[in-house]
Amino acid sequence: MADTVQYWVRNFVDGAYTEPNETSGYDNIDPATGATLGRVHAADTALVDRAVTSARRALTSWAKTPVAERAALLRRAADRIEERFEEFVAAEVADTGKPITQARLLDVRRAPQNFRSFADIVAAAGQESFITETGDGRRALNYAVRKPLGVVAVIVPWNLPLLLLTWKVAPALACGNAVVVKPSEETPSTATLLAEVLAEVGLPAGVFNVVHGCGGVGEFLTRHAGIDGVTFTGSSATGTRVMSAVAPRVRPVSFELGGKNAAVVFEDADLDETLDGLARSVFTNTGQVCLCTERVYVHRDIFDEIANGLIARASALTLGRPTDDATTTGPLISQAHRDKVLRYFELAEREGAELLVGGGVPDLGAELNGGFWIEPTLWTGLTNDATTVREEIFGPVAALIPFSDENEAIGLANDTDYGLAASVWTNDLRRGHRVAQAMNVGMSWVNTWFLRDLRSPFGGMGLSGLGREGGASSLHFYTDPTNVCVQL
Ligand code: NAD
């Protein structure tokens, strides 16, 4: 525990911050230095109970609030986040150690976009209707009335904390649900700040609650009888636990889980554009994005050029103080996560990897050496049966593997238990479409990566998830339809 508590990150229940309890808290660690920034108030079961009860109470009137009013509130929230933009950036950078330029351009920028997009989407949404003709002369009108799911538990990870949280909270609120949010124990601050912003723009007390803590708090929440559905982003292992927690009460879940994503690079690809895109897809957020590429399949004819180009780009990354504009690459999130990634580095060596670049812990000087830094790393010499090519590592690392033809490339890319994302790099238009469609993933990109339209479906196959969110898919998950059939 810190000698002097610089600040408390508090829970937010029924429209107000709760008083921290000195005995139930944990340190909020700066991943860039290892220093303690403050303390986080861990919720106990009584506080989670209160959060769910307040959400249930608030649900009754929020669910009946006209859609236009809910959409207007979401737009005010977007405006207010932009007014307090730098506070969100500072909180996100402190919790995660990510480069400030990335926090501004990606993480925090997406929060108001999420609120505005779902305000637009919900305002434009219609209801499906069908005229039934039975064949014996009867006719009927069928239409579905979509009702809010109810009280939704929103459980999110630490890699893109505000982006992923608002991606779920915006549609949940737009559809008239009340939420109890459980941010990652590693990154509690922006969720807490968001609670304040939502209260400032007039969200009724109890509609948005935040409870902090580790997995046990999440598990208690998902088992709670007052929860009507769970939307979860995190690892596949935790996803299976959440699934069994809700199973006895048969509640809907939406899962955005892990990935072991492939890039497939054909011999006709534009080299510079492809190398820039590949480097971004491997190293963004120090490889800690579910969509990051960890397997790069390259046509034999250009294997050396791609390998050399990627080595050059990995070597040009700037690891440094997250608040410096020049920094491109931050640390990993925690000591435990770095230990895990380093174990994979050792395993790769035993599995026969040839190290192209990186592979260890950098020396960044006294100020930063207490942080959880790791070198951007590339391997060759591994095959698809290596554990390091099969399991998600979630660090700045990829294995480069050669292929000879299109069918082999598709087979290699699809040879995985995961199915989140893939990217295909080629100048052959027809092959681009063909291969992108053949990927068994939720999102398949051609000549780009992580380019998102928030109206399109997002999610994964296999171990990578269940269901889709985004656009109409979000409206479907966060509502429950009642079909009305009227004989005409
Ligand atoms: P994690 O599964 O360890 O934790 C995610 C959240 O679940 C945290 O808030 C954690 O406290 C909570 N939790 C832990 N145990 C729980 C339990 N038994 N019941 C309920 N909640 C519990 O994941 P992480 O390490 O925080 O995040 C990294 C993982 O998230 C990676 O696997 C990554 O691929 C995945 N991810 C997926 C997406 C996607 O959209 N598919 C996006 C980002 C991250």
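Please read all numbers here as calculations on a predicted model, not as lab measurements. Indexing begins at 1, ligand by ligand and atom by atom, following the structure's order. If you read the sequence from its start, that first residue is 1, and numbering goes on from there.
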Identify whether NZ of Lys or CZ of Arg in R57 sits under 6.0 Å from the centre of the six-membered ring of W62 and within 45° of that ring's axis. no
R116: what forms a salt bridge (Lys or Arg N to Asp or Glu O under 4.0 Å) with it, not counting sequence neighbours? D79, E82
Identify all pairs of nitrogen or oxygen atoms, one from ligand 1 and one from the protein, separated by less than 3.5 Å, and list them with distances.
from     : atom 1 : to   : atom 2 : distance (Å)
ligand 1 : 2 (O)  : S235 : N      : 2.9
ligand 1 : 2 (O)  : S235 : OG     : 2.7
ligand 1 : 2 (O)  : T238 : OG1    : 2.7
ligand 1 : 9 (O)  : V156 : O      : 2.9
ligand 1 : 9 (O)  : K182 : NZ     : 3.1
ligand 1 : 11 (O) : K182 : NZ     : 2.6
ligand 1 : 11 (O) : E185 : OE1    : 2.7
ligand 1 : 19 (N) : E219 : N      : 3.4
ligand 1 : 23 (O) : S235 : N      : 3.4
ligand 1 : 25 (O) : W158 : NE1    : 3.0
ligand 1 : 26 (O) : W158 : NE1    : 3.1
ligand 1 : 30 (O) : G234 : O      : 3.3
ligand 1 : 32 (O) : E392 : OE1    : 2.6
ligand 1 : 34 (O) : E392 : OE2    : 2.5
ligand 1 : 41 (N) : L257 : N      : 3.2
ligand 1 : 41 (N) : L257 : O      : 2.7

Are F12 and Y17 close enough that their ring centers fall under 6.0 Å? yes
If you measure from CZ on R313 to CG on D276, what distance do you get to the nearest 0.5 Å? 4.5 Å
T377 side chain to W379 side chain, donor-acceptor N/O pair below 3.5 angstrom: no
Ring centres under 6.0 Å, that's the criterion: do F394 and W158 meet it? yes
